[in-house]
Amino acid sequence: MPELPEVETVRRGLSPTMEGAVIRQLELRRPDLRFPLPREFAARLQGRRIIALSRRAKYLLIDLDDGATVIAHLGMSGSFRIEAGEAGVMPGDFHHPRSKNEKHDHVIFHLDGADGGSRVIYNDPRRFGFMDLTTRNELDIYPAFRDLGPEPVGNELSADYLASRFAGKQQPLKSALLDQKVIAGLGNIYVCEALWRSHLSPERAAATLVTPTGRPKQQLLVLTEAIRAVIADAIAAGGSSLRDHIQTDGTLGYFQHSFSVYDREGSSCRTPDCSGNVERITQAGRSSFYCRICQK
DNA sequence: GAACGCACCTGTGCGC
DNA sequence: TGCGCACAGGTGCGTT
């Protein structure tokens, strides 16, 4: 479920293995994911040292020592796993069963490193993910990043900013928050969770959180803090699940979270003293989960 | 411009 | 057990 917190967790999980390592070989098992892989992708990465792993929204960025940056998006079903080379054994890796989805291993980074050579394997059954190549200098003009909104963690995101984006917008809050141009990195799950925490209905028009003079109403302040908190909590949860995953099979990308409303249709609302049940509605083709009683 | 619908592709879970 | 169907976390394009 790669939304921003999952991608951040993947980044943290891969960093110790990938940063500083040299890409001995890039193995491409097919010519495309969602889009064709870049021309000469394997040749351009071979022999390069990985300088740093970073993240922008739901994109993983791999900086190389020649100024190039690999952009990786996990789509809906992408994950990475780390396998040790001949010279080493992953913690807990002894006799661990091969992934049953090995046929969906599409891109394999063969690394030279201090541990004797790990493999970092990108697996993606649905192939909604993609990889591209640009340069660090051109990241800001990369099409997917050009119009991206601020990150939901950090100082860029404020109630004032959201008020400026929501003013005059009749679009439902759910759709407005999913728009990556408004906030970068929020997905279906965390939008549902943030709206539940804020007691706001996903169907409410975005403009109703803004005063006639363009100032954020109190509820927008609450929503802003809820967005920050729900993402921060998920990153913290990813950090704890990270340890478990690395100890078991090295797979990064899927974590067991427990959500307050997401995927809880028909269950009782977890807001204290609320007698409502979680409902599921469809907005813009996506499921929204919310409690009609306490979310207005 | 805004708001949908749909396509991309495979796996899973459900009802029958 | 097996089949068919609905649905799934994202993004981007086309249509109205």
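Every chain is numbered from 1, with letters handed out A, B, ... down the list of sequences.
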Looking for any heavy atom pair under 4.0 Å, which part of the strands does Arg34(A) touch: base, sugar-phosphate only, or nothing?
-> base

Looking at the side chain of Ala144(A), which of dG12(C), dC4(B), dT11(C) is the nearest nucleotide?
-> dG12(C)

Please give, in whole Å, the distance from dT11(C) P to Leu148(A) CG?
-> 9 Å

Reckon Lys169(A) has a side-chain N or O less than 4.0 Å from the OP1 or OP2 of dA2(B)?
-> no

Picking from Glu203(A), Arg280(A), Glu279(A), Gln283(A), what satisfies side-chain contact (heavy atoms from CB on, under 4.5 Å) with Ser288(A)?
-> Gln283(A)

In whole angstrom, what separates Asn123(A)'s CG from dC9(B)'s C1'?
-> 13 Å

Centroid-centroid distance, Tyr122(A) to Phe109(A), less than 6.0 Å | no

Go through dG10(C), dT11(C), dC7(C) for me and flag the one nearest to the Arg280(A) side chain.
-> dC7(C)

Nucleotide dT11(C), atom P - distance to CG of Leu178(A) in whole Å | 9 Å

Side-chain donor-acceptor pair under 3.5 Å between Ser77(A) and Asp124(A), yes or no?
-> yes

Could you state the CD-C1' distance from Gln283(A) to dA3(B), rounded to the nearest angstrom?
-> 12 Å

OP1 or OP2 of dA7(B) sitting under 4.0 Å from any side-chain N/O of Arg126(A)?
-> no

To the nearest angstrom, the CZ-P distance between Phe128(A) and dG11(B) comes to 12 Å

Mind listing the closest non-hydrogen atom pair of Phe289(A) and Ser287(A) along with its distance?
-> CE1-CB, 3.8 Å

Please report, rounded to the nearest Å, how far the P atom of dG10(C) is from the CZ atom of Phe145(A).
-> 16 Å

Should His104(A) be listed as having a side-chain N or O under 4.0 Å from OP1 or OP2 of dC9(B)?
-> no

Which is true for Phe130(A) with a 4.0 Å heavy-atom rule: it touches a base, it touches only sugar-phosphate, or it touches nothing?
-> nothing

Short side-chain N/O contact to dA3(B) OP1/OP2 from Gln171(A), under 4.0 Å = yes

Complementary nucleotide for dA8(C) - Watson-Crick or wobble, under 3.5 Å | dT10(B)

Can you figure out which of dG12(C), dA8(C), dT10(B) approaches the side chain of Arg127(A) most closely?
-> dT10(B)

Donor-acceptor side-chain pairing of Tyr262(A) and Asn188(A) below 3.5 angstrom = no

Donor on one side chain, acceptor on other, Thr69(A) and Asp63(A), under 3.5 Å | yes

Establish, with yes or no, whether the OP1 or OP2 oxygen of dA8(C) is under 4.0 angstrom from a side-chain nitrogen or oxygen of Ser287(A).
-> yes

Protein-nucleotide distance (Gln170(A), atom CD; dA3(B), atom P), rounded to Å = 8 Å

In whole angstrom, what separates Met76(A)'s CE from dT10(B)'s P?
-> 14 Å

Under 4.0 Å: is that the gap between some side-chain N or O of His73(A) and OP1 or OP2 of dG10(C)?
-> no

Establish, with yes or no, whether the OP1 or OP2 oxygen of dG12(C) is under 4.0 angstrom from a side-chain nitrogen or oxygen of Lys181(A).
-> no

